[in-house]
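Computed from a predicted structure; not experimentally measured.
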Amino acid sequence: MEKEMGKKKIIIIGGGIAGMSAGIYALKSGYEAEIYEKNAIPGGECIGWNRKGYHIDNCIHWLTGTLKGTQLYDVWKTVGALSDDTEYADIDSFYTSTYNGQKATLWNDLERTEKELISISPEDEAEIKNFIQNVKWSKQCLFPADKPMDMWGIKDYIEMGMSMADFPKVMKEFGKLSLEEYSKRFKSPLLQKLMCDYLPKTYCAYSFLVSYATMAMGNGGIPIGASLQMSLRMEKTYKDLGGKIFYNKSVSKIILNKKISTGIELNDGTVVEGDYIIPAVDTHLLFNKLLPEKYMPKNVEEAYKNPSAYPATSGFQVAFAVSENFNEGETIFIDIDPIKVGNSTFDRMYVKCYGYDKIFIKDGKQVIQTCISQTDTDYNFWKSLSKEEYSAFKEELIKTVEKRIINAFPQLEGDMDFLDAWTPLTYERYCNAYHGSYMSFVTTPFGKQIKMKGRLKGIKNLYVAGQWTSSPGGLPVAVASGKFAIQRILKSEKKSVNI
Ligand SMILES: Cc1cc2nc3c(=O)[nH]c(=O)nc-3n(C[C@H](O)[C@H](O)[C@H](O)COP(=O)(O)OP(=O)(O)OC[C@H]3O[C@@H](n4cnc5c(N)ncnc54)[C@H](O)[C@@H]3O)c2cc1C
């Protein structure tokens with residue numbers, strides 16, 4: 001933990017995607033970097049694990065930024081997550097919804113989708129055409145990863161305005177409309193389900209259109225090898241550049257001396273000193289444990305106080321191994337007899353087949369997974385259970401989920417081997433994730449996008465990174481936030497931010 005001569009040392013808390021990105025950009029910019037990570041492996045939420053010899057993936061359903069030529073692709077390439085040789089899963093659709101024996105698919109080919117949806121529901125033709133048109137416009141919504149927006153000049157805004165000329169129309173129509181409200185514009189019950197299946201119904205409709213546009217333009221691939229391998233590639237890039245990462249080191253406190261943070265304290269009492277600190281952890285942990293609460297920005301505080309406008313979403317997930325031949329589409333939503341999970345009742349569920357990558361196949365069987373969305377009140381339910389109640393409830397749910405899947409796909413009777421099940425509390429335990437959240441605050445019509453500028457009032461040399469710096473979070477925000485934190489340090493030292 002000694003400091004290299006002449007180089008300023010940056011201490012990074014958390015070895016997830018944001019922390020590793022910050023570390024890589026720090027080293028490339030001439031700093032010394034040390035990452036402190038509470039777990040035994042890198043990646044945070046972007047990982048996978050093995051059960052009964054099968055690999056279970058936790059994260060990448062789609063990775064925004066796989067399209068060459070985009071700013072985000074360059075960032076993924078710089079951090080070693082992707083390369084020009086990366087292979088992607090051969091998947092031609094976003095997902096499929098079923099209802100009353102009918103099926104509708106959102107293909108990556110928008111013309112095909114339009115044609116098929118109109119043939120399913122001719123009376124919705126005008127609405128379907130409007131949907132497809134708005135998805136096409138949403139392709140202009142690319143993640144700006146060159147530098148933080150607060151460093152933008154007039155030229156950057158003009159360029160963005162020109163490249164996104166049609167996107168304001170999408171925001172005007174869908175910016176404050178929930179998916180549930182939007183779905184009601186369609187007469188077909190199947191199309192109503194299709195619009196609401198992928199994201200929670202409370203999400204703003206535009207985020208769904210942008211997600212579909214990302215898939216349709218080939219900018220949301222799934223790298224072969226899955227999430228953990230991608231995190232390990234980033235760890236390798238970081239280490240190859242000379243970065244140090246310390247595992248099983250939980251940080252308990254950021255040490256402040258007036259307006260300067262002088263270092264961190266680990267759970268075992270060890271103190272590590274540095275010139276800059278980059279917390280790349282969940283902000284709830286940051287402002288409730290690592291720093292005094294008074295440093296929490298007002299907009300973030302408001303969001304935590306108002307979970308109906310700023311929900312955090314997690315899930316109850318189950319993985320099974322089933323025959324490799326089972327192929328009903330990569331992600332398929334089904335109607336189910338209602339199940340109560342946490343405090344919420346669900347009549348829809350999805351099955352995702354992982355047979356697209358051989359890492360998920362063993363002895364002629366592939367992994368399938370399902371995730372039932374959970375929000376803040378569901379988290380409170382899980383949290384209220386005793387250890388015994390938690391295990392019993394989980395066991396019961398696993399059986400119920402299995403029955404529902406067999407009901408939809410009778411060919412799976414006798415073919416399902418249970419692998420693993422996990423809940424919002426798993427993410428809380430593993431990553432210190434607020435309410436077990438996968439991403440940051442959800443963008444609903446009742447809230448504003450939460451953005452943090454990375455600096456905190458009253459602390460000079462601390463720069464916040466991580467997915468919580470810009471809602472709704474996700475991998476693009478995480479990886480860019482690490483780069484942005486380093487650019488902010490460079491700017492404070494009056495150095496070039498072109499990294
Ligand atoms: C099931 C699931 C599916 C997802 N699917 C997608 C997807 O398809 N596409 C997408 O873009 N995003 C997806 N995400 C979101 C994505 O995984 C996250 O946005 C991203 O990984 C967050 O990265 P991060 O570095 O900001 O935070 P984290 O991954 O939370 O990293 C924070 C790190 O800090 C560590 N830490 C916490 N407390 C301490 C402490 N006190 N001391 C030291 N270390 C600490 C944690 O262990 C962790 O490693 C998904 C997430 C989940 C859970």
| message | With heavy-atom distances below 4.5 Å as the criterion, would you say the side chains of V341 and F346 are in contact? | response | yes
| How long is the span from the CG atom in L179 to the OG atom in S207, to the nearest 0.5 Å? | 6.5 Å
| task | Could you walk me through whether T313 and Y203 pass side chain to side chain contact (heavy atoms under 4.5 Å, CB included), step by step? | result | CA-CA 11 Å; T313 46; Y203 271 46; 3.6 Å; yes
| Got a salt bridge between K184 and E181, using NZ or NE/NH1/NH2 to carboxylate O under 4.0 Å? | no
| message | Are the side chains of I222 and H61 in contact, using a 4.5 Å heavy-atom criterion? | response | no
| Do the charged groups of E37 and K249 touch, with an N to O distance under 4.0 Å? | no
| request: Just do the side-chain hydrogen bond (donor to acceptor under 3.5 Å, both in side chains) check on N134 and N130 with the steps written out, would you? | output: CA-CA 6 Å; N134 278 278; N130 184 49; 3.1 Å; yes
| request: Check for a donor-acceptor pair, side chain of N461 on one end and backbone N or O of D275 on the other, with a separation under 3.5 Å. | output: yes
| field | ring pair (Phe, Tyr, Trp, His ring centres under 6.0 Å) against F381, all qualifying residues, sequence neighbours excluded | value | F393
| Heavy-atom check, side chain of I278 versus side chain of I489, under 4.5 Å | yes
| Donor-acceptor pair, side chain of K483 and main chain of D146, under 3.5 angstrom | yes
| Nearest-0.5 Å distance that lies between atom CD1 in I56 and atom CG in D420 | 4.5 Å
| query | In terms of side-chain heavy atoms, does Y304 have a donor or acceptor partner in T283 at a distance below 3.5 Å? | reply | yes
| So among W422, Y390, Y427, which one has a ring pair (Phe, Tyr, Trp, His ring centres under 6.0 Å) with W382? | Y390
| query | Any donor-acceptor pair under 3.5 Å linking the side chain of T214 with the backbone of G220? | reply | no
| query | Would you say Y36's side chain and S250's backbone share a donor-acceptor pair under 3.5 angstrom? | reply | no
| query | How far apart are the C-alpha atoms of L67 and Y73, what are their side-chain angles, what is the distance that settles it, and do they pass the side chain to side chain contact (heavy atoms under 4.5 Å, CB included) test? | reply | CA-CA 6 Å; L67 187 66; Y73 179 77; 5.9 Å; no
| request: Apply side chain to side chain contact (heavy atoms under 4.5 Å, CB included) to L228 and I41, showing your working. | output: CA-CA 9 Å; L228 176 61; I41 56 166; 4.1 Å; yes
| query | Any donor and acceptor pair, going by atom type alone, linking the side chain of T70 with main-chain N or O of T66 inside 3.5 Å? | reply | no
| task | State, with a plain yes or no, whether a side-chain heavy atom of V75 is found less than 4.5 Å away from one of T78. | result | no
| field | Check: I334 main-chain N/O paired with R404 side-chain donor or acceptor under 3.5 Å | value | no
| Can you list the steps and then say if K298 with E302 is a salt bridge (charged side-chain N to carboxylate O under 4.0 Å, His left out)? | CA-CA 6 Å; K298 282 276 162 290; E302 280 309 305; over 6 Å; no
| field | More than 12 heavy atoms of other groups within 6.0 Å of K394 NZ | value | yes
| field | Atom CZ of F446 with >12 non-hydrogen neighbours under 6.0 angstrom | value | no
| message | Applying the salt bridge (Lys or Arg N to Asp or Glu O under 4.0 Å) criterion to K9, which one of E34, E32, E273 satisfies it? | response | E34
| message | Check whether Y310 forms a cation-pi arrangement with K448 (NZ or CZ under 6.0 Å from the six-membered ring centre, at most 45° off the ring normal). | response | no
| said: If you define the side chain from C-beta out and look only at heavy atoms, does anything of R488 sit under 4.5 Å from M151? | reply: yes
| query | Counting distance only, does the side-chain N/O of N108 pair as donor-acceptor with the main-chain N or O of I91 below 3.5 Å? | reply | yes
| In Å and rounded to the nearest 0.5 Å, what is the CD1 to OG distance from I17 to S481? | 10.5 Å
| request: Determine whether more than 12 heavy atoms belonging to other residues, nucleotides or ligands lie under 6.0 Å from atom NZ of K169. | output: yes
| In terms of the angle between their ring planes, are F208 and F131 parallel, tilted or perpendicular, with boundaries placed at 30° and 60°? | parallel
| request: Give a yes or no on whether a salt bridge exists between D166 and K136, defined as a side-chain N under 4.0 angstrom from a carboxylate O. | output: no
| Is Y198 reaching over with its side chain to a backbone N or O of Y212, donor-acceptor style, under 3.5 angstrom? | no
| Any donor and acceptor pair, going by atom type alone, linking the side chain of N257 with main-chain N or O of T262 inside 3.5 Å? | no
| query | How about K176: does its NZ atom have over 12 heavy atoms from other parts shown lying under 6.0 Å from it? | reply | yes
| query | To the nearest 0.5 Å, how far apart are NZ in K460 and CZ in R455? | reply | 9.0 Å
| task | State whether a side-chain donor-acceptor pair under 3.5 Å links W49 with N58. | result | no
| query | Is there a side chain to side chain contact (heavy atoms under 4.5 Å, CB included) between D124 and R185 once you walk through the steps? | reply | CA-CA 9 Å; D124 282 317; R185 290 191 189 172; over 6 Å; no
| Any side-chain heavy atom of M230 within less than 4.5 Å of one from C46? | yes
| Side chains of K38 and V281 in contact at under 4.5 Å (non-hydrogen atoms) | no
| Donor-acceptor pair, side chain of D197 and main chain of R348, under 3.5 angstrom | no
| said: For L194, run the side-chain contact (heavy atoms from CB on, under 4.5 Å) check against F186, Y95, F333 and tell me which one passes. | reply: Y95
